[in-house]
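Data first, discussion second: the structure below is written as C-alpha cells.
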Number of protein chains: 2
Amino acid sequence: MSSIRSTLKDVAREAGVHISTASRALNPSTAFIVHPVTVERVAEAARKLGYRPHPLARGLRTNRTMSVGVIIPDVENPLFGPIIAGVESVLVEDGYSVLIGNADRGPNHADSLVEDMLERHVDGLILATPGRVVSDTARQAQRDVSMVLVNRSVDDDSIPAIVGDDHAGIGLAVRHLRELGHERIGHVAGPEWVSTGRGRRDAFLAWMSTVGLEADIDLVEEAEWYQVEPGTTAALALLSRHPDLTAIVAANDLLGLGCYRAVRSLGKVIGVDVSITGYNDMPLLDLMQPSLTAVRVPYRRMGVDAATTLLALIAGEDVSPGRVLLSPTLAIRSSTGPPADRG
Amino acid sequence: MSSIRSTLKDVAREAGVHISTASRALNPSTAFIVHPVTVERVAEAARKLGYRPHPLARGLRTNRTMSVGVIIPDVENPLFGPIIAGVESVLVEDGYSVLIGNADRGPNHADSLVEDMLERHVDGLILATPGRVVSDTARQAQRDVSMVLVNRSVDDDSIPAIVGDDHAGIGLAVRHLRELGHERIGHVAGPEWVSTGRGRRDAFLAWMSTVGLEADIDLVEEAEWYQVEPGTTAALALLSRHPDLTAIVAANDLLGLGCYRAVRSLGKVIGVDVSITGYNDMPLLDLMQPSLTAVRVPYRRMGVDAATTLLALIAGEDVSPGRVLLSPTLAIRSSTGPPADRG
DNA sequence: TCCGATACTACAAACGATTGCGGCGGAACC
DNA sequence: GGTTCCGCCGCAATCGTTTGTAGTATCGGA
C-alpha cells in the first residue's frame, strides 16, 4: 500500500502543523525549537505514514548527497575487495552510500571518474589509484571535496593517506630470512612509477644493511608489472646475475609466484635451495605448493581507517595530512626455510 | 576559478535567453523546439561557463537518480569482482553510477540494503545475493523499481535473472571425465539451500545417466559450505563410501581444492589416481599443484548482460522474465587425466 | 491594562532543474 | 487585409526539503 512515498507535507497535514514545523520536529538538531508534544505528534504521524525524507530534495537544499566515491584501479583484483568492504562498513553506518568507480581503462580513466563523481556532488572521495604523483584534476578536486588516499600516497604528502607500512613489512621479510640464516638475498621489485614499487625497493636496501648484509642495488631487479610473468622474467635475470642467491623477497604475491617458476626452471627447490617471500597475502596462497610465506597487509583495516578519516574531514575536523602507516604481519609458510648446506 | 558551479540560470543569462529555453536547448530530446541558432548560442554559453546540470535538481524533478544499486553477498569474494566490473562498465557508459551494497552481515542484511537503496531512489537494482527464494522485501521492491538477478535465480522465475548454465557446465566436466575413461565419478555438492548447490547436484545426476553411468544419489556428498575445509570433509566421506572412485566433480573451486587434501591424505595422487574438477575457475587455480581443471563461468559477461537487461527494463522495454543462461567453458589442466590402470 | 519577553509556529524564499501552457511574431492562405 | 497556423520563446508551477524571518499567543511583571 505504501508504494507511493509520503512526503513531509503529508506528515505535516496528518499532524496538523505547518510543513516547516514538521521539518524541524523531525530533525534532531532543530527539534528543541518546537514544543515537545508537537514533536511527538509529528513523530507519530511520520511513523504512521512511513515517512522517509527524500534524499534528493534534502541534498539539493543542503548541498550534501550523503554519498562518497571510491575509485579503484581494478575491481577484479582481489586485493581491493577487503578495502571496499572496510570502507563500506563504516560509511554505511553513518548513512552514506558508496559509489564505486573502476578505473581500468587506462591512466586517464581515473581522472574522468573523479570528474564524474564531482559532478554527482559526492561528499567525499577515496582514491586507491596507483602512481606516486597525483593528477591535476585530483588536486583540483581536493579543494571541492574531502579526499583520502588509500593504499597509496603522494610524494609531498599533501593529501591524507592510509597506507601499509611497507618499510616495516619488508623488514619482517628480510629479518625472517636473516634469522633463518640467509646472507645472499635478492629483491624482485615492482614498477618504480608505482608508489609501492619504489617504496619496497628502498625498504629492502635499507633493511639489508640494517641486518648487516650488503645493500647492493644490483641485488634488485625491477619487474615490469605486478604479474606472474614479469615476476618470472625478473627472477631469472636476478638469478643469472647472482646464481648464489638463497632467498628472494618479492614486492608482491604474484611476483613471488613468478619466482616459483624461475626457481623451478633452474632445477632448484623452493624453500630449500631458494626461499621466497610474497607481499599482500592474497587468498589461496596457503594452498600453493609450497605455500607462500607472505607479508600480510591489513587491507580491510585500511578501508576502515580511510573511511573514518574521510568522515572526520567531512565533519570539518582538521585531519593532519600526511600518511598513516598500518602495521603488517608475516604469514610464515613453507616457501621459506633455512638455506641449504652447500656441500 | 570554476570552483563555483555555474547553473542553468547563468547559462541562460549568458546566452540572453530564458532559463527554460536554455534547458530545452541543452536537452537533445527537446532541442528541436528551439531555433537552431539559439541552440548553438546556448551550447556555446554552456561550454564557456563549463556548465554541468545538477543531478539532484534534475533528479528531483524527473524522478530519476541515474544510479543503480548492486547488492553483493560478499565483496571480498574474488568471484564478484568481475561481475561488478561488468556491470559498471555498461552502466557508466549510459551515465549511471553504481551504488554498491555489501550484504555480509547475515541473511537480513540484504533486505535492509535493498530498503536503503530504494530510499535513495535508485533507478534499478541488481541482486547477487544467494538463496533460491527471494525475500518479501525484494519482491515488494520489484514493484517500485526495475530489478535483475545475477548469478542466481528464483524458483518461480518471476524476476529476470542472468545465470551461468550450470547444467551445461557440469556437463562439460562429466563428459570430459567420461571421455578420459572414468566410470566411477562422484560429486561433492554445495549446500542445498543455495541455488547453485542444488542445481549442480541435479545436473550431475542427470549427466551421469546421459553418459551412460549409474546416477546414484549415493555418489553425491553435500558440503556444508563453499569452502576448502567442508570440501575436504565431504570428499573424505565420499571416498570412504566409495573407495573405488576415480574422479570427483566438485561444485566449486574451493571444494575442489578441499578434495585435493582428502585425496592426498589417502595417499593417492591427484590427476592420476583421482581426477578432480572445480567450478568457477577463480584466479590462481592455474598455479596450483597440480593446476585445477575447472569449469569457467563468464562472470564479467554476466555483469554486462545483467546491466544491459536492467537498462532495457528501465527504458520500459518489456524484458521477458525468466533466466538467461550463459554458456561456460572448460579450462582443462592437470588435475584431470585418464584413470590409472588397476592392478 | 499594557508592555516586553518568551516560546512556539506559520509564511515564504530558496536549492536547480523540467515542462505544460500561453503569447507573440511572421508567413500563408483565402 | 484579416484569419489561421506554426515556429519559437517566456512565464510560472513543480519536485520535497531546509531555514531566515515574521507573526501570534501566553505569561510575568509593572
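In the text below, chain A, chain B and the rest are named by the order of the sequence lines, each starting its count at 1. Since this is a predicted model, take the numbers as computed values, not measurements.
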| Does the side-chain contact (heavy atoms from CB on, under 4.5 Å) test come out yes or no for Leu8(B) and Leu26(B), once each step is laid out? | CA-CA 10 Å; Leu8(B) 193 54; Leu26(B) 259 18; 3.9 Å; yes
| Protein-nucleotide distance (Arg64(B), atom CZ; dT14(D), atom P), rounded to Å | 23 Å
| query | Do any of residues 24-40 of chain A sit with a heavy atom less than 4.0 Å from DNA chain C, and if so which? | reply | Arg24(A), Ile33(A), Val34(A), His35(A), Thr38(A)
| field | Side chain Arg61(B) and base dT14(D) donor-acceptor under 3.5 Å | value | yes
| query | Given dT18(C), is OP1 or OP2 found less than 4.0 Å from the side-chain N or O atoms of Ser23(B)? | reply | yes
| Out of dG16(C), dC9(D), dT17(D), whichever nucleotide has its closest atom nearest the side chain of Thr21(B) | dC9(D)
| Looking across every strand, which nucleic acid part, if any, lies under 4.0 Å from Arg52(A) by heavy atom: base, sugar-phosphate, or nothing? | sugar-phosphate
| field | Steps toward side-chain contact (heavy atoms from CB on, under 4.5 Å) verdict (Arg58(A), Met66(A)) | value | CA-CA 10 Å; Arg58(A) 167 178 297 190; Met66(A) 297 305 278; 6.0 Å; no
For residues 33-44 of chain B, which side-chain donor-acceptor pairs fall under 3.5 Å, sequence neighbours excluded?
unit_1	atom_1	unit_2	atom_2	d
Arg41(B)	NH1	Ala15(B)	O	2.6
Glu44(B)	OE1	Arg47(B)	NH1	2.7

| Separation of His54(B) atom NE2 from dA14(C) atom P, in whole Å? | 17 Å
| So do Leu149(A) and Ile162(A) actually touch side chain to side chain, heavy atoms under 4.5 Å? | no
| task | Give, ordered by number, those residues of residues 13-20 of chain A having at least one heavy-atom distance below 4.0 Å to an atom of DNA chain C; if nothing qualifies, reply none. | result | Val17(A), His18(A), Ser20(A)
| request: Look at the side chain of Thr308(B) and the backbone N and O of Val304(B), then say whether any donor-acceptor pair between them is shorter than 3.5 Å. | output: yes
| request: Grab the CG-P distance between Leu60(B) and dG16(D) for me, whole Å please. | output: 7 Å
| request: Send over the distance from Asp10(B) CG to dG16(C) P, rounded to a whole Å. | output: 9 Å
| In whole Å, what is the span from the NE2 atom of His121(A) to the C1' atom of dC15(C)? | 11 Å
| task | Round to the nearest Å and state the distance from Leu49(A) atom CG to dG16(D) atom C1'. | result | 15 Å
| Rounding to a whole Å, what distance do you find between Asn63(A):CG and dG16(C):P? | 7 Å
| request: Under the ring-ring contact (aromatic ring centres under 6.0 Å, His included) rule, collect the residues that match up with His54(B), sequence neighbours excluded. | output: His121(A)
| Is it true that Arg139(B) and Asp136(B) have a side-chain N and a carboxylate O under 4.0 angstrom from each other? | no
| How close or far is atom P of dT18(C) from atom NZ of Lys9(B), stated in whole angstroms? | 15 Å
| said: Going by the rule side chain to side chain donor-acceptor pair (under 3.5 Å), which residues pair with Glu115(B) if we only count those two or more places apart in sequence or in a different chain? | reply: none
Counting only pairs under 3.5 Å, give me each side-chain donor-acceptor contact of residues 91-103 of chain A, with atom names and distances, residues two or more places apart or in other chains.
unit_1	atom_1	unit_2	atom_2	d
Glu93(A)	OE1	Arg105(B)	NH2	3.4
Tyr96(A)	OH	Arg64(A)	NH2	3.0
Ser97(A)	OG	Arg120(B)	NE	2.3
Ser97(A)	OG	Arg120(B)	NH1	3.1
Ser97(A)	OG	Arg120(B)	NH2	3.0
Asn102(A)	OD1	Val75(A)	N	2.9
Asn102(A)	ND2	Asp104(A)	OD2	3.1

